[in-house]
Novice: 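Sharing a structure, written as structure tokens. Questions coming.
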Amino acid sequence: MAKSRVGLWLIGAKGGVASTAVLGLLALKKGLVGSAGLVSELPQLARLDLAAWDQFVVAGHEIRRVPLADEAMRMARESRHPVLPGVVDQCQSELEEIDRRIRPGTTLGVGNTITALADWFPRGADCQSAQSNKSKACPSETPRQAIARLKDDMAEFARRENLTDVIVVNVSSTEPTFDASKLPLAWADLEPQLDTASLPASSLYAIAAFELGYSYINFTPSLGESPSAIDELARLRGACHYGCDGKTGETLMKSVLAPMFARRNLEVLSWVGHNIFGNMDGRVLDDPANKRAKVASKDHLIGDILGYRPNTLVSIEYLPDLGDWKTAWDHIHFAGFLGVPMTLQFIWQGCDSLLAAPLVLDLVRLTEFAHRGGHAGQMPFLASFFKSPYGVAEQCFDRQFTTLEAWANAHSRP
Ligand SMILES: NC(=O)c1ccc[n+]([C@@H]2O[C@H](COP(=O)([O-])OP(=O)(O)OC[C@H]3O[C@@H](n4cnc5c(N)ncnc54)[C@H](O)[C@@H]3O)[C@@H](O)[C@H]2O)c1
């Protein structure tokens, strides 16, 4: 029997994380790379009936016209790994094929900085004023119309490619923070407001996915599917979802190290983390409105793990010359026996998109498996992948990972 085909629909399909994930997937399909960095390839998950890499078909939404292969090559060069540009060359025709499936997204509710990146709009849309005045989103669609168009794009992909399921992953730019407290709690109350609601794009994509019964992963700190009315829609349509904000570098270190201080009864007096990087995500996060969402997502862990709130500071600075290489310097001041103050400092230097891309592929595989098994709604067993996992108070990486292992054991082949 032919193997089923599964869709991976990327929101922000030509960004650093997306193009690296696509390149990684193609390289895995061709056997050009090994499994380092992939959680779903760990022995603990080996008895899960996960889809094989060659079952995945990729498409997505984007707001920039640039060719996907150019972005993949840029990321490969920025990684400074001598082999990666050659991998892009070997995947050229597949990258072009995926590029032809990418559709123009929506900039509704994304704020000025992200709107200014956009140079690609849906055909027939009255976007002249958006192109000449970068402070305005494409004005011709209401949120309801945008949802209908995004939904059509995803459904057409599934039909044309004969897919059994589609997993939508939001890897688009971080939107400004959104106050969701005034949104209705029930889907039946939010749905009638879609003609005028000021929901950000990340939520419109989620609604489009859920209306089709497709699952949605929010790899960003944007609002996405987190409002309870949208979570309810997911459950009503039998879709899975989870987020938010992939835990890939400095925050991963925090969730490993803070439990050590807690378990040795060492009092953390202050924890300062300075992050510098130069990719497009860094450019967007340079806008204080967008940065707020990221800082909040990176900052809450320490207090959550320790049970008290030491002085913490998170800074994120954009230095274009660093490209995709992020440096985080963390200074942890703590009190030992007899109150003697001591210091731990660490420096994390990581290639941002190469840390994130394998997790995107893992999340897609695990979500598809959970959905195939009848799961709907949030997936708290995926908490270890996220900085701010929905509905999970536990922030210790080790304990979160134990939950993933327990879930895997419960769903493994004998
Ligand atoms: N290690 C990591 O790289 C990491 C870790 C955790 C979270 N994230 C988050 O993942 C997201 C992607 O990161 P990145 O480094 O790839 O950023 P990026 O800026 O390289 O890519 C974002 C892409 O999204 C596109 N985009 C923006 N708004 C859109 C919209 N409304 N619809 C469709 N496309 C849109 C942009 O054009 C761009 O191609 C960011 O929100 C980032 O904060 C990244």
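Start at 1 and go down the list; that is how both ligands and their atoms are numbered. Computed from a predicted structure; not experimentally measured.
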Novice: Please state which option from T107, T106, V110, I11 has its nearest heavy atom closest to atom 30 (C) of ligand 1.
Specialist: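 Looking at heavy atoms only, the winner is T106.
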
Novice: Should E71 and K14 count as an ion pair when the cut-off is N to O under 4.0 Å?
Specialist: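 Not counted as a salt bridge, because no side-chain N and carboxylate O are separated by less than 4.0 Å.
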
Novice: Check for me whether the distance between the ring centres of Y205 and Y216 falls short of 6.0 Å.
Specialist: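 They do not qualify: ring centres at least 6.0 Å apart.
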
Novice: Got the closest protein heavy atom to atom 39 (O) of ligand 1, with its distance?
Specialist: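 Result: E62 OE2, 2.5 Å.
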
Novice: Name the option, out of G12, A13, S172, that contains the heavy atom nearest to atom 11 (C) of ligand 1.
Specialist: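 The option holding the nearest heavy atom is S172.
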
Novice: When you check the gap from the basic side-chain N to the acidic O, do D245 and K298 get nearer than 4.0 Å?
Specialist: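 Looking at K298 together with D245, the answer is no, because their closest N to O distance does not fall below 4.0 Å.
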
Novice: Do the charged groups of E62 and R103 touch, with an N to O distance under 4.0 Å?
Specialist: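 No, no charged N to carboxylate O under 4.0 Å.
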
Novice: Run the numbers on D299 and S297 for side chain to side chain donor-acceptor pair (under 3.5 Å), then give the verdict.
Specialist: CA-CA 6 Å; D299 200 31; S297 185; over 6 Å; no

Novice: For ligand 1, which atoms, with element, lie under 4.0 Å from some heavy atom of D245?
Specialist: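 It comes down to these atoms of ligand 1: 6 (C), 7 (C).
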
Novice: For the pair W9 and H61, name the ring-plane relationship: parallel under 30°, tilted 30 to 60°, perpendicular over 60°.
Specialist: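 Because their plane-to-plane angle is over 60°, the rings of W9 and H61 count as perpendicular.
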
Novice: Counting only heavy atoms, which portion of R283 has something under 4.0 Å from ligand 1: side chain, backbone, both, or neither?
Specialist: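 It is neither part, as no heavy atom is under 4.0 Å.
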
Novice: What part of K326 sits under 4.0 Å from ligand 1 if we count only heavy atoms: the side chain, the backbone, both or neither?
Specialist: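 Neither part.
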
Novice: Check residues 349-359 and write down every donor-acceptor pair under 3.5 Å in which the side-chain atom is one partner and the other belongs to a residue at least two apart or another chain.
Specialist:
| residue | atom | partner | partner atom | Å |
| --- | --- | --- | --- | --- |
| S353 | OG | D324 | OD1 | 3.2 |
| S353 | OG | D324 | OD2 | 3.0 |

Novice: Would D195 and R144 pass as an ion pair if we require N to O under 4.0 Å?
Specialist: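 R144 and D195: salt-bridged.
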
Novice: Tell me, please, whether W53 has R365 positioned over its six-membered ring: NZ or CZ under 6.0 Å from the ring centre and within 45 degrees of its axis?
Specialist: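 That pair qualifies as a cation-pi contact.
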
Novice: Considering non-hydrogen atoms of the protein only, which is the closest contact for atom 43 (O) of ligand 1, and what is the distance?
Specialist: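 The protein heavy atom lying closest is K294 NZ, 2.9 Å.
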
Novice: At a non-hydrogen distance cut-off of under 4.0 Å, which region of T248 contacts ligand 1 (side chain, backbone, both, or neither)?
Specialist: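 The answer is the side chain of T248.
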
Novice: Between ligand 1 and I114, can you find any atom pair, the residue atom being a heavy atom, that is separated by under 4.0 Å?
Specialist: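 The answer is yes, since I114 has a heavy atom less than 4.0 Å from ligand 1.
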
Novice: Check each heavy atom of D281 against ligand 1 and say whether those closer than 4.0 Å belong to the side chain, the backbone, both or neither.
Specialist: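 Contact part for D281 vs ligand 1: both backbone and side chain.
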
Novice: Which atoms of ligand 1 have any heavy atom of A201 under 4.0 Å away?
Specialist: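 Contacts of ligand 1 toward A201, numbered from 1: 31 (N).
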
Novice: Counting heavy atoms only, which of K14, R103, M280 is nearest atom 38 (C) of ligand 1?
Specialist: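 Comparing heavy atoms across K14, R103, M280, the nearest one to atom 38 (C) of ligand 1 lies in M280.
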
Novice: Of the protein's non-hydrogen atoms, which lies at the shortest distance from atom 9 (C) of ligand 1, and what is that distance?
Specialist: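 Of every protein heavy atom, F219 O, 3.8 Å lies nearest to atom 9 (C) of ligand 1.
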
Novice: To which of G282, G60, G16 does the heavy atom nearest atom 20 (O) of ligand 1 belong?
Specialist: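 Answer by nearest heavy atom: G16.
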
Novice: Of the protein's non-hydrogen atoms, which lies at the shortest distance from atom 13 (O) of ligand 1, and what is that distance?
Specialist: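 For atom 13 (O) of ligand 1, the nearest protein heavy atom is V17 CG2, 3.6 Å.
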
Novice: I need the atoms of ligand 1 closer than 4.0 Å to a non-hydrogen atom of A356, numbered in the order shown.
Specialist: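 Selected atoms, number and element: 1 (N), 2 (C), 3 (O).
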
Novice: What about F381 and H375, are their ring centers closer than 6.0 Å?
Specialist: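 Judged by ring-centre distance (under 6.0 Å), F381 and H375 do meet the cut-off.
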
Novice: Using a strict cut-off of 4.0 Å, indicate which atoms of ligand 1 neighbour a heavy atom of G246.
Specialist: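 That gives atoms 5 (C), 6 (C), 7 (C) of ligand 1.
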
Novice: Can you tell me how far apart CZ (F210) and CG (L233) are? Round to the nearest 0.5 Å.
Specialist: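 If I round to the nearest 0.5 Å, the distance is 7.0 Å.
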
Novice: Which protein heavy atom lies closest to atom 12 (C) of ligand 1, and at what distance to 0.1 Å?
Specialist: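 Here the closest protein heavy atom is V171 O, 3.2 Å.
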
Novice: Let me confirm one number: the CG-CG distance from D330 to L344, rounded to the nearest 0.5 Å.
Specialist: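 Going from CG on D330 over to CG on L344, the span is 8.5 Å.
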
Novice: Among all protein heavy atoms, pick the one closest to atom 21 (O) of ligand 1 and tell me residue, atom and distance.
Specialist: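 Result for atom 21 (O) of ligand 1: G15 CA, 3.2 Å.
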
